[in-house]
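Please read the structure below before turning to the comments.
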Number of protein chains: 2
Amino acid sequence: MTSDFEAQLRAASLRVTRARLAVLAALRDRPHVDTDTVIALVRADHPTVSHQAVYDVLRALTNAGLVRRIQPAGATARYESRVGDNHHHVVCRSCGAIADVDCAVGQAPCLTASDDHGFVVDEAEVVYWGTCPGCATERTSQ
Amino acid sequence: MTSDFEAQLRAASLRVTRARLAVLAALRDRPHVDTDTVIALVRADHPTVSHQAVYDVLRALTNAGLVRRIQPAGATARYESRVGDNHHHVVCRSCGAIADVDCAVGQAPCLTASDDHGFVVDEAEVVYWGTCPGCATERTSQ
DNA sequence: CCACTCTTTTGGAATGAATCAAGTTTTACT
DNA sequence: AGTAAAACTTGATTCATTCCAAAAGAGTGG
């Protein structure tokens with residue numbers, strides 16, 4: 001388990017540190033956690049880790065492709081460890097809840113822009129905006 | 001010109017104010033402007049408009065659907081007046097430049113999620129991440 | 001196993017976009 | 001014109017994120 005993370009880090013030629021292992025562990029089974037939550041989870045096991053370390057680690061892991069950063073408009077940054085499978089997200093406009101969605105149209109649906117203006121595109125990110133079941137019933141029942 | 005904006009505002013049952021007309025004018029021919037730029041543009045004509053007013057106006061116009069807010073991860077909010085035609089954006093990872101892209105796969109390609117988790121989806125936002133021509137040549141020439 | 005170098009982390013302060021709050025002005029309708 | 005509601009002004013505040021310099025830790029070669 002821990003050695004898994006260690007292997008991941010080494011594969012990405014990142015040094016293996018307590019902070020990094022703790023962040024990976026915190027993200028393991030939790031989708032879409034925001035930075036504050038990561039800090040709290042990390043400190044549950046390692047109370048001395050600074051918030052700055054968590055920010056640095058999240059950036060390093062994001063750059064290395066081990067975690068993915070998602071930041072819907074108007075919300076704080078969230079991170080997830082599910083990477084490399086081209087999945088997307090539904091975001092609730094009223095409560096900010098996020099859920100995973102697999103790609104509707106094949107494997108890389110929107111990866112081809114009609115006119116890319118000369119940009120070299122390497123990723124297509126899709127955010128579905130709507131209302132989650134909870135907020136929907138709340139609103140209709142009023 | 002101004003009366004156009006006035007009509008737009010009235011159609012959305014929003015009051016017609018100097019600040020709102022100025023913001024609409026500022027967004028007219030400028031795609032993807034950030035809030036600071038909007039403030040500067042508005043003040044060019046109306047020096048007394050407060051930044052708070054601009055924030056309020058942008059939110060009101062966004063809620064009314066007259067402008068669209070876009071906020072790629074890690075950048076400040078930007079606004080555009082091109083609405084209602086389901087177009088998307090390419091964003092440069094290194095300089096943050098944004099360009100419009102029309103929808104590749106038909107009219108509303110990704111609007112149907114494979115499994116929407118009970119969410120009522122009303123919009124699909126697509127962000128293409130990549131490198132703009134300028135940054136690409138810069139990098140290869142080094 | 002030890003020393004050396006480079007990277008990472010600590011702890012605290014700073015930045016900056018965005019929001020909140022109270023009081024004043026303006027708009028739209030009668 | 002007169003009035004109520006909405007919008008705006010001013011100024012302060014919040015809060016996520018970043019910057020900084022010093023201390024600690026990781027990995028490499030001896």
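We use all heavy atoms of the structure for the numbers below, so side chains are in, but hydrogens, waters and symmetry mates are not. Chain letters run A, B, ... following the sequence lines, proteins first, then strands; residues in each count from 1.
Residue pairs that meet the ring-ring contact (aromatic ring centres under 6.0 Å, His included) test with at least one member in residues 22-60 of chain A, sequence neighbours left out, are A:H32-A:H89.
Straight-line distance from the NE2 atom of B:H46 to the C1' atom of C:dT25: 16 Å, rounded to whole Å. Taking atom CD of A:Q71 as the reference point, atom P of C:dA17 lies 14 Å away to the nearest angstrom. For the pair A:Y55 OH and C:dT10 P, the interatomic distance rounds to 15 Å; values are reported in whole Å. To the nearest angstrom, P of C:dT26 lies 18 Å from CG of B:L9. Atom CG of B:D56 is separated from atom P of D:dT10 by 14 Å (rounded to the nearest Å). One atom, CG of A:L58, and another, P of C:dT9, lie 11 Å apart when rounded to the nearest Å. Note: CG (A:L61) to C1' (C:dT9) measures 14 Å, nearest angstrom.
Axis angle between the ends of the helix from C:dC1-D:dG30 to C:dT30-D:dA1, five pairs each and rounded to 10 degrees, works out to 40°.
Taking a 6.0 Å sphere around CZ of B:R82, one finds it holds more than 12 heavy atoms contributed by other residues, nucleotides or ligands.
Both A:V101 and B:V121 are assigned to one and the same hydrophobic cluster, defined by single-linkage of ILVMFWY side chains at heavy-atom distances under 4.5 Å.
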Using nucleotides 11-16 of chain C, report all nitrogen or oxygen pairs with the protein that are shorter than 3.5 Å.
none

For nucleotides 26-30 of chain D, give me every protein contact, N/O to N/O, under 3.5 Å, one pair per line with atom names.
{"residue": "D:dA26", "atom": "N3", "partner": "A:R15", "partner atom": "NH1", "Å": "3.4"}
{"residue": "D:dG27", "atom": "OP1", "partner": "A:R10", "partner atom": "NH1", "Å": "3.3"}
{"residue": "D:dG27", "atom": "OP1", "partner": "A:V16", "partner atom": "N", "Å": "3.0"}

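Under the 4.5 angstrom side-chain criterion for Ile, Leu, Val, Met, Phe, Trp and Tyr, the cluster partners of A:V127 are A:I70, A:V91, A:I98, A:W129.
Listed by chain and number, the residues in a side-chain contact (heavy atoms from CB on, under 4.5 Å) with B:A12 are B:L14, B:A64, B:L66 (sequence neighbours excluded). A:A53 pairs by the side-chain contact (heavy atoms from CB on, under 4.5 Å) definition with A:V49, A:S50, not counting sequence neighbours. Residues satisfying the side chain to side chain donor-acceptor pair (under 3.5 Å) criterion with A:T76, sequence neighbours excluded, are absent altogether. The side chain to side chain donor-acceptor pair (under 3.5 Å) search around B:R69 returns B:Q71, B:Y79, not counting sequence neighbours. In this structure, the side-chain contact (heavy atoms from CB on, under 4.5 Å) partners of B:V16, at least two apart in sequence or on a different chain, are B:E6, B:L9, B:R10, B:L21. Take B:D34 and apply the side chain to side chain donor-acceptor pair (under 3.5 Å) test, not counting sequence neighbours, and it matches B:T37. Shown here are the side chain to side chain donor-acceptor pair (under 3.5 Å) partners of A:R18, two or more places apart in sequence or in another chain: there are none.
Across all strands, A:A77 comes closer than 4.0 Å only to sugar-phosphate atoms, never to a base (heavy-atom distances).
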